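For reference, the structure is listed below as structure tokens.
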Amino acid sequence: MHVELRTPWSIGPVEIPTRLVLAPMAGVSVQAFRRQGRRFGAGLVCSEMVSCAGLSHGNERTLGYLRISAEESPLAVQIFGSDPVVMTEAARMVEDAGADVVDINFGCPVRKVTKTGAGATLLEDPDRACRIVEAVAGAVSVPVTVKMRRGLENGSRACLELGPRLVEAGADTLTLHPRSAQQMYTGEADHSLTAELVERVGVPVIASGDITSRARAQAVLATTGAAAVMVGRAAQGNPWALREILEGEAAEPSREEVVAELLLFMRETVRELGEHRATGFLKKFYGWYLGRGRFPRAFKAELTQLPTLAEVEARLLEEAPGASFVLRRLEQELPAGDEVTLDLPISIYGGG
Ligand SMILES: Cc1cc2nc3c(=O)[nH]c(=O)nc-3n(C[C@H](O)[C@H](O)[C@H](O)COP(=O)(O)O)c2cc1C
């Protein structure tokens with residue numbers, strides 16, 4: 001069945017304008033990334049995973065993840081943890097902060113998380129997983145979604161047993177990244193499991209994993225019956241991939257456009273994280289934006305060595321002087337003001 005990527009769909013009562021979802025990525029999904037994703041056509045954007053324990057302890061850095069701007073909406077904020085009571089408390093904070101959806105992480109394969117009984121571990125602890133979803137769904141009025149992997153071990157089909165139970169417990173949508181936790185990011189996402197999950201549940205399913213082109217997105221939607229596709233790594237430093245997937249517009253951006261988007265991203269990230277934290281955080285983005293043959297390797301390396309962001313900006317503009325006009329136009333087109341619904345401290349985005 002052909003699915004038009006530009007048609008709306010819903011998570012509970014929340015309308016999602018397109019079938020394209022920007023993936024939650026630790027150490028990547030800052031507000032600037034999410035806002036850019038919305039501008040380039042993602043119908044839903046997600047925060048990276050936020051520790052429910054950190055929220056409940058009032059940890060300043062963790063609270064910073066709840067800085068939400070109006071232009072991100074619809075936005076899902078993802079929480080992780082293993083205790084239903086603490087998860088409930090965190091979910092209420094997420095709702096109060098203005099998120100449209102509370103997403104629960106049952107997919108993180110990183111040991112730091114799994115050893116606490118959270119993330120992908122919950123795929124093998126179905127009773128606890130259901131208790132978490134039931135408690136969270138009962139505590140907030142926004143829709144609750146779950147993002148999971150196929151299981152812990154290679155070849156696991158745990159997600160197919162667990163999925164229907166999570167829906168019964170109150171999940172309004174499921175996202176499946178059909179790799180095992182053991183696989184991390186190796187091998188391929190097996191979307192035949194996504195198709196099986198769609199068959200088993202009566203709620204929308206989002207397909208995550210290896211969606212890198214319009215052709216792939218359309219094939220996965222058509223063969224799985226998923227309601228939407230989620231794009232992660234392909235959008236790192238490359239929002240044009242979102243546009244290509246949505247509209248089939250495959251034109252490579254000019255050097256000026258690339259530099260202007262990077263400069264805008266840098267400026268917004270400085271506003272969000274502060275100059276000091278943004279300086280380190282942004283380094284990996286230089287390679288992502290300027291790679292793909294857009295700029296020479298040596299230039300990317302040079303930028304990461306520069307001590308201040310002002311110097312990085314100056315070097316970028318030296319390399320692509322026309323970018324300042326593009327940037328000015330972009331800034332003019334942006335909605336006025338950087339509205340933040342909660343006056344919270346600036347956070348560090350560490351990963352996990
Ligand atoms: C750097 C990085 C960080 C990630 N962090 C999260 C996270 O915080 N929460 C989550 O549910 N998934 C996380 N993921 C998984 C992605 O959301 C997505 O499911 C996965 O990358 C597969 O999609 P892709 O092939 O489009 O990248 C992360 C992936 C990457 C590469």
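Just so it is clear, the structure is predicted and the values come from calculations on it, not from any experiment.
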Test your reading of the model: is there a side-chain donor-acceptor pair from Q31 to the backbone of E272, 3.5 Å cut-off? no

Would you find a donor on one side and an acceptor on the other, under 3.5 Å apart, between the side chain of K284 and the backbone of G27? yes

Report yes or no: do L242 and L334 belong to one cluster of Ile/Leu/Val/Met/Phe/Trp/Tyr joined by side chain heavy-atom distances under 4.5 Å? yes

Classify the angle between the aromatic ring planes of W288 and F285 as parallel (below 30°), tilted (30 to 60°) or perpendicular (above 60°). perpendicular

With clusters defined by side-chain heavy atoms of hydrophobic residues (ILVMFWY) lying less than 4.5 Å apart, directly or transitively, does V21 cluster with I211? no

Check: V142 and V94 side chains under 4.5 Å, non-hydrogen atoms: no

So, S47 side chain and Q78 main chain: donor-acceptor pair closer than 3.5 Å or not? yes

Go through the steps for R157 and R150 under the test side-chain contact (heavy atoms from CB on, under 4.5 Å), then give the verdict. CA-CA 6 Å; R157 294 165 61 81; R150 65 181 293 164; 4.3 Å; yes

Over 12 foreign heavy atoms within 6.0 Å of CD, E199: no

Under 3.5 Å: donor-acceptor pair, side chain of S29, backbone of P24: no

Sequence-distant partners of D210, side chain to side chain donor-acceptor pair (under 3.5 Å), two or more places apart: R179, R233

Heavy-atom pair of closest approach, residues A226 and T194: CB-CG2, 4.5 Å

Enter the distance from I132:CD1 to C52:SG here, rounded to the nearest 0.5 Å. 8.0 Å

Please walk me through it: do V205 and T224 pass side-chain contact (heavy atoms from CB on, under 4.5 Å)? CA-CA 9 Å; V205 172; T224 63; over 6 Å; no

Tell me, with the steps shown, if M266 and L262 meet side-chain contact (heavy atoms from CB on, under 4.5 Å). CA-CA 6 Å; M266 288 167 62; L262 173 55; 4.0 Å; yes

Please identify each residue that fulfils salt bridge (charged side-chain N to carboxylate O under 4.0 Å, His left out) with R128, with sequence neighbours left out. D125

Approximate separation, where rounding is to 0.5 Å, of T116 OG1 and R111 CZ: 10.0 Å

Going by heavy atoms in the side chains, are R38 and P74 under 4.5 Å from each other? yes

Search all heavy atoms of L55 against all heavy atoms of A90 and return the closest pair with its distance. CD1-CB, 3.8 Å

Among residues at least two apart in sequence or on other chains, which ones pass side-chain contact (heavy atoms from CB on, under 4.5 Å) with N238? W240, A241, R292, R294

Any side-chain heavy atom of H177 sitting closer than 4.5 Å to one from Y185? yes

Minimum heavy-atom separation for G232 to A23, with atom names? CA-CB, 3.6 Å

Please verify the inter-ring angle class for F33 with F265; under 30° counts as parallel, over 60° as perpendicular, anything in between as tilted. perpendicular

Heavy-atom side-chain contact between L317 and L263 under 4.5 Å: yes

If every non-hydrogen atom of A260 is compared with every non-hydrogen atom of A323, which pair is closest and at what distance? CB-O, 3.7 Å

Identify the residue among L166, N105, T175, I104 that makes a side-chain contact (heavy atoms from CB on, under 4.5 Å) with M148. L166

Output yes when a side-chain donor or acceptor of S73 lies under 3.5 Å from a complementary backbone atom of A70, and no otherwise. no

Please collect all side-chain hydrogen bond (donor to acceptor under 3.5 Å, both in side chains) contacts where either partner lies in residues 131-142, sequence neighbours excluded, each pair once. E95-S141

Can you tell me if R200 has over 12 outside heavy atoms packed within less than 6.0 Å of its CZ? yes

Can you confirm whether L193 sits close enough to C159 that some side-chain heavy atom of one is under 4.5 Å from a side-chain heavy atom of the other? yes

Which pair of non-hydrogen atoms, one from V203 and one from A171, has the smallest distance, and what is that distance? CG1-O, 3.9 Å

With hydrophobic residues grouped by side-chain heavy-atom distances under 4.5 Å, do V101 and V167 end up in a single group? no

Partners meeting ring pair (Phe, Tyr, Trp, His ring centres under 6.0 Å) with Y286 (sequence neighbours left out): none

Under 4.5 Å between side-chain heavy atoms, counting indirect links through other Ile/Leu/Val/Met/Phe/Trp/Tyr residues: same cluster for V77 and V28 or not? yes

Can you check salt bridge (charged side-chain N to carboxylate O under 4.0 Å, His left out) on R315 and E311, steps first, answer last? CA-CA 6 Å; R315 263 309 271 126; E311 284 161 276; over 6 Å; no

Hey, can you pull the donor-acceptor pairs under 3.5 Å for the side chains in residues 7-15, sequence neighbours left out?
from	atom 1	to	atom 2	distance (Å)
T7	OG1	E4	O	2.8
T7	OG1	R19	NE	3.2
W9	NE1	T18	O	2.8

Does anything in residues 321-333 pair up under side-chain hydrogen bond (donor to acceptor under 3.5 Å, both in side chains), and if so which pairs, sequence neighbours excluded? R267-E331

Could you go through R165 and V133, starting from their C-alpha distance and side-chain angles, then the distance that decides it, and tell me whether this counts as side-chain contact (heavy atoms from CB on, under 4.5 Å)? CA-CA 10 Å; R165 291 189 59 187; V133 171; over 6 Å; no

Quick one: ring pair (Phe, Tyr, Trp, His ring centres under 6.0 Å) partners of F325, sequence neighbours excluded? none

Would a 4.5 Å heavy-atom cut-off, applied to side chains only, mark V259 and E319 as touching? no

Expected output: side-chain H191 to main-chain T223 donor-acceptor under 3.5 Å: no

According to side-chain contact (heavy atoms from CB on, under 4.5 Å), who are the partners of E275, at least two apart in sequence or on a separate chain? V270, T279, L309

Kindly compute the distance separating CG (D190) from CG (N154), expressed to the nearest 0.5 Å. 11.5 Å

For A42, side-chain contact (heavy atoms from CB on, under 4.5 Å) partners two or more places apart: L22, V45

Looking at side-chain heavy atoms only, is the closest gap between I206 and L174 below 4.5 Å? no

Salt bridge (charged side-chain N to carboxylate O under 4.0 Å, His left out) involving R39 - partner list, sequence neighbours excluded: E261

Checking D103 against T145: is there a side-chain donor and acceptor pair closer than 3.5 Å? yes

Quick one: do V85 and V50 end up in the same hydrophobic cluster if we chain Ile, Leu, Val, Met, Phe, Trp and Tyr together by side-chain heavy atoms under 4.5 Å apart? no

Check for a donor-acceptor pair, side chain of E153 on one end and backbone N or O of Q182 on the other, with a separation under 3.5 Å. no

Between T62 (side chain only) and S51 (backbone N and O only), is there a donor and an acceptor less than 3.5 Å apart? no

Within the 4.5 Å heavy-atom criterion, are L221 and L5 side-chain neighbours or not? yes

Main chain of V144, side chain of D172: is a donor-acceptor contact present, judged purely on distance under 3.5 Å? yes

Taking all atoms of both residues into account, what is the closest heavy-atom pair of L162 and A129, and its distance? CD1-CB, 4.2 Å

Tell me every residue that passes salt bridge (charged side-chain N to carboxylate O under 4.0 Å, His left out) with R149, counting only those two or more places apart in sequence or in another chain. none

